[in-house]
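A quick write-up on the structure given underneath.
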Amino acid sequence: MTRGESAGVRYRGVSKWYGDVHAVKEIDLDVADGEFLVLVGPSGCGKSTLLRMTAGLEDISGGTLELGGQVVNDVDAAQRDVAMVFQSYALYPHRTVRGNLAYALRLRRMPKQEIAARVDAVAEMLDIQELLDRRPGQLSGGQAQRVALGRAIIRQPTVFLMDEPLSNLDAKLRVQMRAELIRLHREVQTTTVFVTHDQVEAMTMGHRIAVLDHGVLQQVGPPRDVYERPANLFVAGFLGAPPMNLVEAELISDGGVSHVRADGVWAPVPPAVEAGLDQVHRGRTERTVALGVRPEQLEVVASDTAGQQPDDAATGDVIIQGTVDVVELLGGESYLHIITGTQRFTAKVPSSMSFDPGARITLRANSDAAHYFDLESGIRLDSALDRPALGAV
Amino acid sequence: MSSTETSTGDTPAHEPSPHAPQGAGSQRHLVQPLRVAADGVHHASGAERVAGMEPPPQARVSHMQRHLGWMGKPLYYATLIFGAAMMVVPFLWMFSTSLKVESDVFQFPPEWLPDPARPENYPDALTIAPFARYLANSAFVTITDTVFSLTVCAMAGYAFARFHFRFRNTIFIAVLATMMVPVHVELIPQFILMRGLGWIDTFQALIVPSIFWPFGIFLLRQFFMTVPKELEDAARMDGAGHLRILFGLMVPLSLPAMAALGIFKFMFTWNSLIAPLIFLTSREKFTVTLGLATFQGQYETQWALLMAATVVALVPIITVFLIGQRYFIQGVALSGLKR
Amino acid sequence: MKARLASMRWGRRRTLVAIGLLAIPLAGVLVFRIMPAIASFALSFTEWNLIAPPEFVGLSNFEELVGDPTFWQALWNTIYYVGGAVPGIVGVSLALALILNRGIRGIKIFRTVYFLPVVSSMVAVGIMWRWMFNAQYGLVNAGLGFLGIEPINWLGSQTWAMPALIVVTVWREIGFYMIIFLAALQGVPRHLVEAARLDGAGPWQRFWGVTFPMISPVTFFVSIMAMINTFQAFEYMYVMTEGGPRDSTLTLVYYLYLQGFEYFRTGYASAIALVLFTIILVITIVQWKIGERRVVY
Ligand SMILES: Nc1ncnc2c1ncn2[C@@H]1O[C@H](COP(=O)(O)OP(=O)(O)OP(=O)(O)O)[C@@H](O)[C@H]1O
Ligand SMILES: [Mg+2]
């Protein structure tokens with residue numbers, strides 16, 4: 001299969017209004033030629049809308065959209081040379097698999113032999129040769145998914161758009177198709193925008209992920225960066241399963257090491273965070289922040305540590321003390337839910353350890369595992385100096 | 001929606017169509033469209049079950065039957081068979097008469113088996129009046145009307161189902177409201193209109209007014225609304241224009257409705273008397289219904305001949321029915337299942 | 001601001017396509033359905049023989065109608081006909097559907113047989129039954145004679161002509177409505193009937209207590225539909241009795257036809273049409289109101 005000409009996608013202040021509903025808000029985003037970009041966000045945040053605007057299925061209410069350097073706001077869907085894979089697959093029920101694959105090419109009046117050759121090539125690539133004469137009603141979910149992919153690939157478009165294409169598959173198939181999609185992309189190297197709200201897909205599939213919430217682009221970057229340095233409270237809470245532990249804590253800088261403290265929680269605060277807080281708060285006196293620690297970064301230091309106080313262990317680590325509430329066994333690892341006064345934490349621990357509900361326990365994490373966010377604007381405090389405070393705008 | 005709109009059964013409640021006219025009276029067939037899923041499989045509704053061969057499995061052992069025990073069933077069968085006999089006897093009697101010599105017709109008590117048989121009644125009837133011509137005329141008028149009507153209804157149904165434009169609901173209600181006006185009320189103005197157009201004694205006069213069929217528009221709109229939007233999007237991405245989406249996607253996916261409508265239309269037009277009666281004047285244009293009515297006016301008491309002519313007039317439509325039975329019955333069930 | 005502009009551009013394109021799709025259908029509906037309906041209304045205030053120019057005569061057509069005994073006869077005949085045919089159609093078709101819904105074998109054959117008259121044209125059915133009802137040699141009288149009943153001059157008698165037409169009507173229509181009832185019955189949830197059975201309800205109570213209320217909207221719909229159809233009866237009268245004997249089977253539509261297309265009194269015929277339309281409208285509305293209150297679940 002030859003590679004079609006690929007193209008980058010550039011969003012400049014792209015907005016969508018449905019009547020008075022501002023579904024997508026001035027998105028600025030560049031998708032590089034050949035890149036695999038994953039678009040994530042909660043339900044209703046505007047992912048599909050953005051994708052459909054890219055496809056030409058929805059008109060763009062504001063801003064410009066460029067494909068391969070051309071502004072395509074007013075170009076019809078059929079002329080944009082992008083292909084889309086739908087969540088429901090949207091295979092034509094009355095056509096065979098072959099007919100589904102060939103339809104777009106037939107409409108483009110491609111010669112018959114060429115169509116046949118392309119159908120064969122795509123069928124081989126996706127291993128669906130045996131299915132060519134079936135109708136969509138006779139396909140399993142995974143097979144239908146492959147055909148839907150095939151229908152997009154066969155056109156050799158400049159951009160692939162995929163709207164939660166794996167969400168209708170069962171867990172096992174999803175893993176398999178995920179790998180297959182990655183392989184396919186490596187093969188055809190066509191720019192791909194992939195919408196999902198699945199954690200694992202978001203983390204594993206793309207070169208970069210773009211997080212969307214309420215129509216606003218929250219953060220764009222390589223998965224690892226976004227995961228390790230979430231730009232704000234929303235991204236921190238959204239990415240990761242189980243989600244990041246987030247607690248409200250008071251910042252105390254009393255000459256010694258600045259730290260935050262809450263019920264059973266103690267954590268050191270680096271200077272950048274403090275500077276960020278000053279910047280964001282602009283002289284407000286109360287010093288409450290959101291502290292975040294990922295469950296997998298917590299480790300158990302001592303069971304049954306009754307009587308000890310967090311600040312006794314002022315080693316520069318994040319310390320959490322509480323009582324074991326529930327232990328969820330997931331196979332190789334367990335989720336340990338603990339309660340510290342008014343807060344709840346989850347830790348991911350090896351299943352080899354066993355805990356009794358009600359037991360006192362102490363957890364620690366490295367100081368760099370602590371994320372700090374402004375409670376009001378949600379902004380990440382140690383980078384607040386780099387960008388204007390969202391809340392202050 | 002009024003209380004009568006509530007689903008009568010376990011069929012999934014179709015979203016009540018907000019545009020259906022509240023006052024359109026009895027003709028408010030808020031039909032329960034067969035739901036077309038993305039995989040194109042129709043989820044069985046009552047209408048389809050009726051159209052199918054068998055009653056639903058649960059219906060097989062019924063409470064009444066259990067209660068009545070062994071004597072229930074025979075009673076039912078006796079009633080049904082008696083009823084069926086009442087349905088069939090007139091046809092058989094007609095057929096029997098059509099094969100008799102005129103003198104045998106007048107026998108009392110009547111004889112069932114024609115003796116001697118006189119099949120020549122058929123060629124006689126066919127030569128006295130040009131029935132072959134009548135049949136051809138009917139076929140032409142009916143097929144043309146059906147094809148154009150389905151096309152027009154599909155176009156309008158698609159526009160009402162999938163496009164948003166100003167006054168859409170008002171226009172739709174106006175179209176539906178015409179379903180309430182009895183055709184006979186419109187006859188005289190239509191006659192005057194046809195005269196003005198110079199269409200008297202032409203087939204257009206029969207076909208054109210009949211093409212515009214509000215019920216068809218309504219039914220197809222209901223069906224098109226159930227076609228998943230993503231399929232349409234996929235077709236657009238593949239490069240299909242609106243007409244192609246309509247005829248290459250919406251229509252094939254609404255085949256049950258199209259078939260039911262087509263068959264209704266075929267039946268109505270084929271059997272229609274009043275339009276040919278007032279619009280046609282020359283004999284060689286007559287449809288078979290009008291031809292038969294006229295024939296009986298002339299050979300009122302030549303029963304053998306008259307019955308032969310009636311058989312000739314009935315055979316085509318009954319053949320069509322026997323072939324497309326499933327769709328006939330599905331169509332009827334569809335029209336009544338959910339208003 | 002820019003946002004609004006862009007969406008208008010797109011919106012207008014869609015509107016153009018919609019106009020393209022609707023132009024022919026709407027023009028057709030307007031010219032061949034809506035305009036004639038309005039014209040019919042207007043014509044009823046004129047006197048027009050289709051040759052001389054139409055003449056506005058105000059309400060005189062309606063005045064004439066009120067004093068026209070034939071009109072009243074036609075109105076009465078129509079009511080008689082509808083009143084006889086509709087209960088017959090609804091009752092028989094419902095009964096047949098109930099039986100067929102009992103898990104009867106050969107449902108397909110019965111359905112086909114009962115549906116056969118539905119597809120046959122009214123003209124053919126009328127002719128066929130004219131022969132059935134023949135006074136001397138008809139099968140109906142033969143059957144009655146078998147039961148010891150004297151022959152009846154069905155279509156030649158002012159008393160019996162209308163009942164004969166009602167029989168024919170019921171005979172032809174039941175197959176159609178039976179299918180509708182059958183579809184409705186198959187939509188009645190089994191568990192409701194079963195629950196009533198567990199509560200100790202007998203078959204009769206179950207029918208009136210559960211099944212009938214569940215299908216009452218359909219019964220209601222079928223009644224209106226049958227009523228509207230029978231109110232427009234014309235074909236049987238045209239081929240079987242020509243409205244006779246002595247106008248005893250003259251219906252409103254037949255009278256309309258005579259006035260409009262035999263005597264070319266288009267204004268007068270339109271006045272009859274208006275009466276017909278009004279009656280159907282009123283029945284629809286009245287039944288609607290009743291139905292709204294009475295139809296229960
Ligand atoms: N045609 C429409 N008219 C009005 N509002 C709409 C329309 N389509 C979407 N919206 C609104 O726009 C917002 C974004 O919708 P969108 O479908 O893009 O969400 P999404 O991120 O794809 O969600 P999901 O993950 O559930 O698919 C939602 O609030 C939705 O209600
Ligand atoms: Mg979506």
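B:Ile217 contributes atom CD1, which lies 8.0 Å from atom CG of C:Leu22 (distance to the nearest 0.5 angstrom). Distance check: C:Ile174 CD1 to B:Met87 CE gives 3.5 Å after rounding to the nearest 0.5 Å. Separating the CD1 atom in B:Ile192 from the OG1 atom in C:Thr266 is a distance of 5.0 Å, to the nearest 0.5 Å. Rounded to the nearest 0.5 Å, atoms CZ (C:Arg265) and CD1 (B:Ile188) are 11.0 Å apart. Between atom OG1 of residue B:Thr289 and atom CD of residue C:Glu235 there is a gap of 9.0 Å, rounded to the nearest 0.5 Å. B:Thr178 contributes atom OG1, which lies 13.5 Å from atom CE of C:Met35 (distance to the nearest 0.5 angstrom).
With a 4.5 Å cut-off on non-hydrogen atoms, B:Ala313 does not touch chain C at all. For chain B, the nearby part of C:Arg172 is the side chain; its heavy atoms alone come within less than 4.5 Å. Proximity to chain B is absent for every atom of C:Val125, based on heavy atoms less than 4.5 angstrom apart. For a residue to count as touching a neighbouring chain, one of its non-hydrogen atoms must lie under 4.5 Å from one of that chain's; by this rule C:Phe277 touches chain B with backbone and side chain alike. Using a 4.5 Å cut-off between heavy atoms, C:Leu26 touches chain B through its side chain atoms alone. Looking at C:Leu276, the atoms closer than 4.5 Å to chain B (heavy atoms on both sides) all sit in the side chain, from C-beta outward. Contact annotation for C:Val31: both backbone and side-chain heavy atoms come within less than 4.5 Å of a heavy atom of chain B. Contacts of C:Val29 with chain B are made by both backbone and side-chain atoms, with heavy-atom separations under 4.5 Å. For chain B, the nearby part of C:Tyr257 is the side chain; its heavy atoms alone come within less than 4.5 Å. Looking at B:Arg166, neither its backbone nor its side chain comes within 4.5 Å of chain C, counting heavy atoms on both sides. Looking at B:Ile263, there are no atoms closer than 4.5 Å to chain C (heavy atoms on both sides), in backbone or side chain. With a 4.5 Å cut-off on non-hydrogen atoms, C:Leu43 touches chain B through its side chain but not through its backbone.
Between chain B and the options C:Trp129, C:Phe115, C:Phe231, the largest number of non-hydrogen pairs under 4.5 Å is found for C:Phe115. Contact tally against chain B (heavy-atom pairs below 4.5 Å) for C:Trp131, C:Phe110, C:Trp48: the top residue is C:Trp131. Chosen from B:Ala156, B:Pro90, B:Ala84, B:Ala159, the residue pairing most often with chain C at heavy-atom distances under 4.5 Å is B:Pro90. Contact count against chain C (heavy-atom pairs under 4.5 Å) is highest for B:Ile278 among B:Val311, B:Leu290, B:Thr310, B:Ile278. Contacts with chain C were tallied for B:Val175, B:Ile274, B:Val88, B:Val288; B:Ile274 has the most, counting heavy-atom pairs under 4.5 Å. Counting heavy-atom pairs closer than 4.5 Å to chain B, the top-ranked of the candidates C:Met122, C:Met227, C:Arg130 is C:Arg130. Contact count versus chain B (heavy atoms, under 4.5 Å) is highest, among C:Pro117, C:Gly260, C:Ala23, for C:Pro117. The candidate from B:Phe163, B:Phe268, B:Phe328, B:Trp303 with the greatest count of non-hydrogen atom pairs under 4.5 Å with chain C is B:Trp303.
Summarising the geometry of B:Gln325 relative to C:Lys108, their closest heavy-atom pair is OE1-O, 4.3 Å, with the distance given to 0.1 Å. Looking at every heavy atom in both residues, B:Leu314 comes nearest to C:Ser120 through CD2-CB, 3.4 Å. Contact between C:Ser121 and B:Asn271 at its shortest, heavy atoms only, is CB-OD1, 3.1 Å. Heavy-atom minimum distance, C:Gln232 versus B:Pro182: OE1-CB, 3.3 Å.
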Is there a side-chain contact (heavy atoms from CB on, under 4.5 Å) between C:Thr112 and B:Leu322? Walk through the geometry before answering. CA-CA 8 Å; C:Thr112 306; B:Leu322 290 178; 3.8 Å; yes

Let's go through B:Val185 and C:Ile280 carefully: what are the C-alpha distance in whole Å and the side-chain angles of both, what is the deciding distance for side-chain contact (heavy atoms from CB on, under 4.5 Å) to 0.1 Å, and is it a yes or a no? CA-CA 11 Å; B:Val185 169; C:Ile280 288 182; over 6 Å; no

Intermediate values then yes/no, side-chain contact (heavy atoms from CB on, under 4.5 Å), B:Val320 and C:Val119: CA-CA 9 Å; B:Val320 169; C:Val119 299; over 6 Å; no

Can you check side-chain contact (heavy atoms from CB on, under 4.5 Å) on B:Met180 and C:Leu281, steps first, answer last? CA-CA 8 Å; B:Met180 264 207 323; C:Leu281 194 67; 3.7 Å; yes

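The closest side-chain heavy-atom distance from B:Ile211 to C:Phe32 is not below 4.5 Å. In this structure, the side chains of C:Ile99 and B:Tyr77 stay at 4.5 Å or more apart for every pair of heavy atoms. Between C:Ile127 and B:Met94, the closest side-chain pair of non-hydrogen atoms is not below 4.5 Å. The closest side-chain heavy-atom distance from C:Leu21 to B:Leu246 is below 4.5 Å.
Ring centers of B:Phe91 and C:Trp171: under 6.0 Å apart, within the cut-off.
Heavy atoms from other residues, nucleotides or ligands lying under 6.0 Å from CD1 of C:Ile24 number 12 at most. No more than 12 heavy-atom neighbours from other residues, nucleotides or ligands sit within 6.0 angstrom of CD1 on C:Ile109. More than 12 non-hydrogen atoms from other residues, nucleotides or ligands lie less than 6.0 angstrom from CZ of B:Phe165.
For B:Gln296 (side chain) and C:Val239 (main-chain N/O), a donor-acceptor pair under 3.5 Å exists by modelled atom type. Not one N or O on the side chain of B:Glu186 forms a donor-acceptor pair closer than 3.5 Å with the backbone of C:Ser40. Remark: the backbone N or O of B:Leu80 is paired with a side-chain donor or acceptor of C:Tyr114 at under 3.5 angstrom.
Classification of the C:Phe234-B:His184 ring pair by plane angle, with boundaries at 30° and 60°, yields tilted.
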